[in-house]
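Here the structure comes first, spelled out in C-alpha cells, and everything after it is commentary.
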Amino acid sequence: MQTQSDSHALAPTLQATATALRLTGLISFWLQLAFIVISGVVLLFAVSGRNFSTQPTPWLGIGIFWAVCGVLALCFNVYLAFRYARIGRRLRNPNPELRPRKVDTLRLLRLGVVVGFVGMLLSILGAGATVGVLVSKSISQPPGVAITDPNRIIRALDVFVMVANLNNITAHFVGATTSLGLFDRVHRH
C-alpha cells in the first residue's frame, strides 16, 4: 500500500501520466469488453441460426469469418487496455527501478494503435462482405411480388452479422483512439 508521502515524492507529470494510463486503460478495458460480449452473442445467434436454417446464405460466411477475426483482435486489444491500467499503477511506485521504462510503455501503446487499426480493417472487410450479400438479396427481390426463392429473403440472422461487424468497428475505434491518446501523452512527458 502506498502512503501519501510516497505519492508526493513522484513528479506531478509522472503522477498525471500514471493516473491517465490507469483510468483510461480501465475505461477502455470495460468498454471493449462490453463490445466483445455484444458481438459474441450476436455472432453466436447468427452462426447457430445459420446452422439450423434450411436455406443457407452462401456468401455470408465470409462476413462471419471477418467478424470472428475482428473479435479475436478485439480480445487482444482488451488485454492491452488491461496492461495500460497495470502500467499506470506501476508508474506510481516510488522506486524508479521498479517502474516500467518509457520506451517499453511507448512500444506497448504503439502495438495497441496497430492492433486497433488492423481490427478495424478486419471488421470493415466483414461489414463490406455482409453489406454486399444484403444488397444483392434486396436487389434480387421483385417489388410487390411474393418471393418464391427462399434464398433471396433477407433474414434477421443475416443482419446480425452486420451488427456484429459494426460493434467490432466501434470497439476497435475506442481501442485505437485510447492507445493513440495515451501514446501522445506518454511521449510528451
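Heavy atoms only: backbone and side chains are in, while hydrogens, waters and symmetry mates are out. Position 1 is the first residue of the sequence, and the numbers go up from there.
Connection of L80 to L33 is not established within any shared hydrophobic cluster, with ILVMFWY side chains joined at heavy-atom distances below 4.5 Å, either directly or through further cluster members. Hydrophobic clustering (ILVMFWY, side-chain heavy atoms < 4.5 Å, transitive): F35 and V37 are in distinct clusters. Note on L111 and L21: same hydrophobic cluster, where clusters join Ile, Leu, Val, Met, Phe, Trp and Tyr whose side-chain heavy atoms are under 4.5 Å apart, directly or indirectly. Under a hydrophobic-cluster definition in which Ile, Leu, Val, Met, Phe, Trp and Tyr are linked whenever side-chain heavy atoms come within less than 4.5 Å, directly or via other members, V68 and V47 are assigned to the same cluster. Note on F183: it clusters hydrophobically with F76, by side-chain heavy-atom contacts below 4.5 Å among ILVMFWY residues.
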side-chain hydrogen bond (donor to acceptor under 3.5 Å, both in side chains) evaluation trace for S179 with Y84: CA-CA 9 Å; S179 299; Y84 303 158; 2.7 Å; yes
Intermediate values then yes/no, side chain to side chain contact (heavy atoms under 4.5 Å, CB included), L122 and F65: CA-CA 9 Å; L122 295 173; F65 170 76; over 6 Å; no
Side chain to side chain contact (heavy atoms under 4.5 Å, CB included) evaluation trace for T130 with D158: CA-CA 8 Å; T130 306; D158 300 339; over 6 Å; no
N168 and S39: CA distance, side-chain angles, deciding distance, side-chain hydrogen bond (donor to acceptor under 3.5 Å, both in side chains) verdict: CA-CA 7 Å; N168 285 345; S39 293; 3.0 Å; yes
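H172 approaches L74 most closely through the heavy-atom pair CE1-N, 3.3 Å. Here the shortest heavy-atom pairing between L157 and F45 reads CD2-O, 3.5 Å. Residues V113 and A176 come closest through the heavy atom pair CG2-O, 4.2 Å. Across S123 and G70, no two heavy atoms sit closer than the pair OG-CA, 3.9 Å. Closest heavy-atom contact between A164 and L43: CB-CG, 3.6 Å. Across all their heavy atoms, A46 and V161 have their closest contact at CB-CG2, 3.7 Å.
The structure places CZ of R90 at 8.0 Å from OG1 of T105, a figure rounded to the nearest 0.5 Å. Taking CD1 of I169 as the reference point, atom CD1 of I124 lies at 5.0 Å (rounded to 0.5 Å). Taking CG from L72 and CG from N77, the interatomic distance works out to 12.5 Å, rounded to the nearest 0.5 Å. We find the CH2-CZ distance between W30 and F82 to be 9.5 Å, quoted to the nearest 0.5 Å. Atom OG1 in T19 sits 7.0 Å away from atom CD in Q15 (nearest 0.5 Å). Between Q32 atom CD and T170 atom OG1 the span is 11.0 Å, to the nearest 0.5 Å.
Here the side chain of R99 pairs a donor or acceptor atom with the backbone of N93 at under 3.5 angstrom. Judged purely by atom type and a 3.5 angstrom limit, S136 uses its side chain to pair as donor or acceptor with the backbone of V133. Within the 3.5 Å criterion, the main-chain N or O of T24 finds no donor-acceptor partner in the side chain of S28. Between the D184 side chain and the L180 main chain, no donor and acceptor come within less than 3.5 Å of each other. Between the side chain of S138 and the main chain of V135, a donor-acceptor pair closer than 3.5 Å is present.
As a member of the Ile/Leu/Val/Met/Phe/Trp/Tyr network built from side-chain separations under 4.5 Å, V174 groups with I27, L31.
Counting non-hydrogen atoms of other residues, nucleotides and ligands closer than 6.0 Å to CZ of F173 gives a total of 12 or fewer.
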